[in-house]
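These notes are about the structure you will find just below.
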Amino acid sequence: MQIKFWGVRGSLPTPLRGEQIQAKLTAAIARMNPKDLESSESKMRFLSSLPEWIYGTYGGNTPCVELKPKAGGVILLDCGTGLRDYALYGEQPEDNHYSIFLSHFHWDHIQGFPFFGPSFNPKARIDLYSTDPSTLEFFERQSSTPFFPPNGCWNSVKNQITFHLLKEGQDMELYGLKIRCHKMTHPGESTSFSFEEDNKKFIYCTDAELQESDFDKAIERNYFFQDADMLVLDSQYTNPEAAKKVNWGHNSVSRSIDFAANWGVSRLFFFHHEPAYSDKKLDDLYSAGLNYVKYHGSENLKLYMSREGQVIDL
């Protein structure tokens, strides 16, 4: 399967501000020497040597992740503003069939759907999967006047949509993938999803405030996370900020690392980035995570910072 990130921020979209772009340019110039300007090749070498926070951006769209099974088909995880970018720039399925799995209905996870271009195509088929039986009602209320123009409201798209209710403990299969769901602790609840193909397991776990019970290996349901090859996990805060925001529904980087190590995860992707954090701050957070792994005996765990446009083959 192939995974691509289209939106990785939490809470609300975070476009780059002018002063942040200026800071990137200033930092790049400070690293430059005359040899870097000698030729087109030297310029490209210099640019490619810059850290991610200078040369690029982790992204400002809210959550949306694309999953492509080996057998074909498209699965989309959540409908944050990244969904709009997927519709504009992503490779669209030839059969106009989209399967969307919804973790929950907080605004940052559904705000892209009213702007999802394929939903207005009468030839499109959109299957929505959720553990909440009120899913269609929520989408109808979201796309209603006066919050949305009449010609773009729910009645314009509802005929393309089919809803499927999921239940924890009941596995399903789609495009050759074995799929499971697992409810997490979050204000209003949130559902994580596991996708298995060719003995590889990918887990999408956003908006989850890990509890001590989630680490307990005496609880059978927790083995949902065991030996995941790739875990996308809410890692929104630093430790001091997480201590101030207990019951807000998110984790610190170090707690996410402890959890992944506890369950034998191979690759952990920090996700649902704090909107107040700049690219430099996220880069520093990632470096802190690498040091935490190094000094806490979790060398087998590989860490990554989720970034818009990033593609992972699993």
Side-chain angles (χ1 to χ4, degrees), residues 1 3 63-71 73-79 97-106 109-110 126-139 161-235 247 249-251 255-256 258-269 271-272 314:
M1 71 185 93
I3 297 98
C64 181
V65 177
E66 175 189 7
L67 191 157
K68 287 185 177 180
K70 184 176 67 176
V74 172
I75 293 174
L76 298 168
L77 306 174
D78 278 334
C79 298
H97 183 202
Y98 304 85
S99 297
I100 300 177
F101 286 73
L102 298 155
S103 65
H104 64 308
F105 297 90
H106 287 169
H109 293 261
I110 62 171
I126 301 174
D127 288 303
L128 298 180
Y129 295 85
S130 168
T131 57
D132 196 314
S134 299
T135 294
L136 293 183
E137 176 190 346
F138 296 153
F139 274 88
I161 295 172
T162 302
F163 172 61
H164 306 267
L165 181 64
L166 301 177
K167 293 184 179 180
E168 185 172 0
Q170 294 184 1
D171 298 350
M172 65 167 289
E173 187 171 315
L174 182 66
Y175 302 125
L177 299 175
K178 180 181 179 181
I179 303 173
R180 297 175 177 174
C181 57
H182 184 86
K183 291 191 176 182
M184 305 299 296
T185 299
H186 187 70
E189 286 194 341
S190 179
T191 301
S192 297
F193 299 102
S194 168
F195 302 87
E196 296 183 44
E197 178 186 79
D198 293 342
N199 296 316
K200 297 288 187 179
K201 180 161 69 172
F202 165 68
I203 296 177
Y204 176 74
C205 182
T206 182
D207 291 57
E209 186 167 2
L210 296 171
Q211 308 296 305
E212 289 303 315
S213 59
D214 293 318
F215 292 75
D216 192 342
K217 294 190 175 182
I219 300 175
E220 185 176 354
R221 70 183 292 270
N222 289 342
Y223 282 84
F224 174 88
F225 293 97
Q226 182 70 52
D227 297 329
D229 297 278
M230 177 176 173
L231 171 61
V232 173
L233 180 60
D234 181 325
S235 310
N247 297 324
H250 306 289
N251 301 306
R255 189 158 181 81
S256 293
D258 290 341
F259 180 76
N262 181 73
W263 290 108
V265 172
S266 298
R267 289 189 278 183
L268 171 62
F269 284 72
F271 189 72
H272 206 268
L314 195 61

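The distance from atom CD1 of I100 to atom SG of C64, rounded to the nearest 0.5 Å, is 7.5 Å. Note: D214 CG to F225 CZ = 6.5 Å, rounded to the nearest 0.5 Å. Atom CG of L314 is separated from atom CG of D198 by 10.0 Å, given to the nearest 0.5 angstrom. Here the OG-CG distance, from S190 to D78, works out to 7.5 Å after rounding to the nearest 0.5 Å. In this structure, CE in M1 is found 8.5 Å from CZ in F195, a value given to the nearest 0.5 Å. Put simply, CZ on F163 and CD1 on I126 are 14.5 Å apart, with the number rounded to the nearest 0.5 Å.
Annotation: side chain of L233 is in contact with side chain of L210 (closest heavy-atom distance under 4.5 Å). At least one side-chain heavy atom of E197 sits less than 4.5 Å from a side-chain heavy atom of P69. By the 4.5 Å heavy-atom criterion applied to side chains, L166 and M172 are counted as neighbours. Side-chain contact between I3 and F269: absent, with no pair of heavy atoms (C-beta onward) separated by less than 4.5 Å. Residues F259 and N251 have side chains not in contact (no heavy-atom distance under 4.5 Å, counting atoms from C-beta outward). With contacts defined as side-chain heavy-atom distances shorter than 4.5 Å, the pair E209/H186 does not qualify. Two residues are said to be in side-chain contact when any heavy atoms from C-beta on lie closer than 4.5 Å; K217 and N262 meet this criterion. Side-chain contact between S130 and F138 is absent, with no heavy-atom pair separated by less than 4.5 Å.
Aromatic ring centres of W263 and Y223: separated by under 6.0 Å. For F271 and Y204, the distance between ring centers is under 6.0 angstrom.
Across all non-hydrogen atoms, the minimal contact from H109 to S103 is ND1-OG, 3.6 Å. Contact record, D234 with A208: OD2-N, 3.5 Å, taken as the closest heavy-atom pair. Summarising the geometry of L77 relative to I75, their closest heavy-atom pair is CD2-CG2, 4.0 Å, with the distance given to 0.1 Å. Between P187 and N247, the closest heavy-atom pair is CG-O, 3.5 Å. Counting all heavy atoms, side chain and backbone alike, H250 lies closest to H272 at CE1-CE1, 3.2 Å. Nearest heavy atoms, D229 versus N199: OD2-O, 3.8 Å.
Side-chain atoms of T131 and T191 form a donor-acceptor pair, as typed in the model, at a separation below 3.5 Å. When only modelled atom types and interatomic distance are considered, H106 and D207 share no side-chain donor-acceptor pair under 3.5 Å. A donor-acceptor contact closer than 3.5 angstrom is absent between the side chains of H104 and D132.
Using bins of under 30°, 30° to 60° and over 60° for the plane-to-plane angle, the ring pair H164/Y129 lands in the parallel bin.
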field: Full working for side chain to side chain donor-acceptor pair (under 3.5 Å) between H97 and D127
entry: CA-CA 8 Å; H97 183 202; D127 288 303; 2.5 Å; yes
field: Check against side-chain contact (heavy atoms from CB on, under 4.5 Å), S194 and K201
entry: CA-CA 7 Å; S194 168; K201 180 161 69 172; 3.4 Å; yes
query: Going through the checks in order, is the side-chain contact (heavy atoms from CB on, under 4.5 Å) test met by S134 and F105?
result: CA-CA 10 Å; S134 299; F105 297 90; over 6 Å; no
- request: Apply side-chain contact (heavy atoms from CB on, under 4.5 Å) to the pair F139 and I161, showing each step before the final yes or no.
  value: CA-CA 11 Å; F139 274 88; I161 295 172; over 6 Å; no
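Under 4.0 Å is where a charged nitrogen must lie from a carboxylate oxygen, and between E196 and K70 no such pair does.
Heavy atoms of other residues, nucleotides or ligands lying less than 6.0 angstrom from NZ of K167 number 12 at most. Counting non-hydrogen atoms of neighbouring residues, nucleotides and ligands closer than 6.0 angstrom, the CD atom of Q211 exceeds 12 such neighbours.
The backbone N or O of A218 sits less than 3.5 Å from a side-chain atom of D216, completing a donor-acceptor pair.
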